[in-house]
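What follows is one structure encoded as structure tokens, with my remarks underneath.
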Amino acid sequence: MAKGQWYPPEWPDRIRRLAAGTLTPVTPRRAATVMLLKDTADTPLVHMLRRRASMAFAGGAYAYPGGGVDPRDDDHRIRWAGPTRAWWADRLGVDEAGAQAIVCAAVRETYEEAGVLLAGPTPDTVVGDTTGDDWEADRAAVAARGMSFAEFLDRRGLVLRSDLLGAWTRWITPEFEARRYDTWFFVAALPRGQRTRNASTEADRTVWIRPRDAAEGYDKGELLMMPPTIATLRQLTAYDTAAGALAAAPGRDLTPVLAQARLENDAVILSWPGHGEFTKRIPSGGGPA
């Protein structure tokens, strides 16, 4: 492991099998994750969770609330505020049904894993405290897939606030990874009156942390992260407020970042275009260098 970079030991073998044509890439599943921000006197903090060490994918790594799209995230046209589905389809590079599903997944996963809900009774309001027993029962039902998020919004008479999200970047899990995701990263500000909690069964710790401090922890090897997590943390250090990061989101390039691997004298060269710090040379039979 270089610095705090999460690195599966099975990757070199899978990369060689892919190069030899004996490994068929898995189709990536669409996913969304949200960098939830709140302001302090001098800098925004970002909400992060640490995945349980027992998790098959990126166990022990720090990440943001997020997860795969639920097939029911686009089962009908939910009440919607902010940019239209057509606008989001153009921004995300998908069709309108896909745009609703991805944005809905971002809002749903933030609610499931952090207890924060980017929705309100009207297009210009946001719900307040969501920690009551009745809210928790609904959150648990959504997380257990006993109730779709669309059904939850309808039952509560809520409007999804897509205008509270900013699309930030898009990363696709490498072709040689067994579990693949096509993930859109969003930024959002913690709504007034709401507070986060560790509501995820996949996390054993949550923190509010300055992006710069989290990046320093990674550089020291103290915090384990996947490449897109540390890459986005470094990008967030440029902003003094959550509003500043949100204002910058519409101008962000959403061209997918996909790792590349090649064989060179029997060594594997692994790289992420545009992110040179993650380039690794893996000698035959060895770990990353």
Side-chain angles (χ1 to χ4, degrees), residues 31-41 44-52 54-55 62-82 100-166 185-209 241-243 245-246:
T33 190
V34 177
M35 300 180 288
L36 192 62
L37 305 174
K38 71 175 180 180
D39 288 325
T40 64
L45 305 180
V46 62
H47 180 70
M48 304 189 75
L49 53 84
R50 184 176 65 188
R51 295 173 59 82
R52 295 184 184 277
S54 59
M55 296 297 296
Y62 280 80
Y64 312 113
V69 167
D70 184 329
R72 300 172 299 171
D73 283 335
D74 66 348
D75 61 358
H76 67 274
R77 294 176 70 86
I78 60 177
R79 296 174 65 200
W80 187 276
Q100 173 177 306
I102 293 163
V103 172
C104 190
V107 176
R108 174 180 52 73
E109 288 285 344
T110 304
Y111 184 49
E112 286 183 18
E113 298 197 336
V116 170
L117 183 57
L118 303 177
T122 66
D124 56 357
T125 59
V126 184
V127 296
D129 184 10
T130 62
T131 58
D133 290 344
D134 59 333
W135 284 102
E136 178 55 24
D138 280 352
R139 189 206 63 77
V142 171
R145 302 296 182 262
M147 174 168 52
S148 75
F149 194 63
E151 291 169 339
F152 161 72
L153 293 175
D154 282 349
R155 194 172 73 78
R156 288 270 179 178
L158 296 175
V159 181
L160 184 147
R161 291 287 305 274
S162 79
D163 55 322
L164 299 182
L165 289 168
F185 287 70
F186 296 85
V187 290
L190 179 68
R192 186 184 301 275
Q194 294 193 38
R195 58 185 186 272
T196 58
R197 63 187 188 280
N198 183 7
S200 173
T201 59
E202 299 179 355
D204 60 11
R205 185 186 184 213
T206 62
V207 295
W208 281 102
I209 188 170
T241 64
L246 278 164

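Remember, predicted model here, so these are calculated numbers, not experimental data.
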Verify, without hydrogens or angle tests, whether [X] (side chain) and [Y] (backbone) share a donor-acceptor contact under 3.5 angstrom.
X    : Y    : answer
D39  : A242 : yes
R205 : L49  : no
T110 : V116 : no
Q194 : T130 : no
S162 : A81  : yes
R139 : E112 : yes
E109 : T33  : no

Task: Spatial distance of atom CZ (R79) from atom CG (L160) [nearest 0.5 Å] - done: 11.0 Å

- [ ] Check each of D154, V107, D70 against F149 using the side chain to side chain contact (heavy atoms under 4.5 Å, CB included) test, and report the only one that passes.
- [x] V107

[X] versus [Y]: any side-chain heavy-atom pair under 4.5 Å?
X    : Y    : result
R156 : D134 : yes
I209 : V46  : yes
F186 : Y64  : no
L158 : P121 : yes
T40  : W208 : no
T196 : L36  : yes

Task: A105: partners by side-chain contact (heavy atoms from CB on, under 4.5 Å), with sequence neighbours left out - done: A32, V69, D73, R108

Task: side-chain contact (heavy atoms from CB on, under 4.5 Å) partners for L246, two or more places apart - done: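 side-chain contact (heavy atoms from CB on, under 4.5 Å) check on L246 returns V187, A189.
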
- [ ] Take the angle between the ring planes of Y111 and W135 and call it parallel below 30°, perpendicular above 60°, tilted in between.
- [x] perpendicular

Task: Contacts of D129 that satisfy salt bridge (charged side-chain N to carboxylate O under 4.0 Å, His left out) - sequence neighbours left out - done: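 Partners of D129 by the salt bridge (charged side-chain N to carboxylate O under 4.0 Å, His left out) criterion, ordered by chain and then number, come out as R195.
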
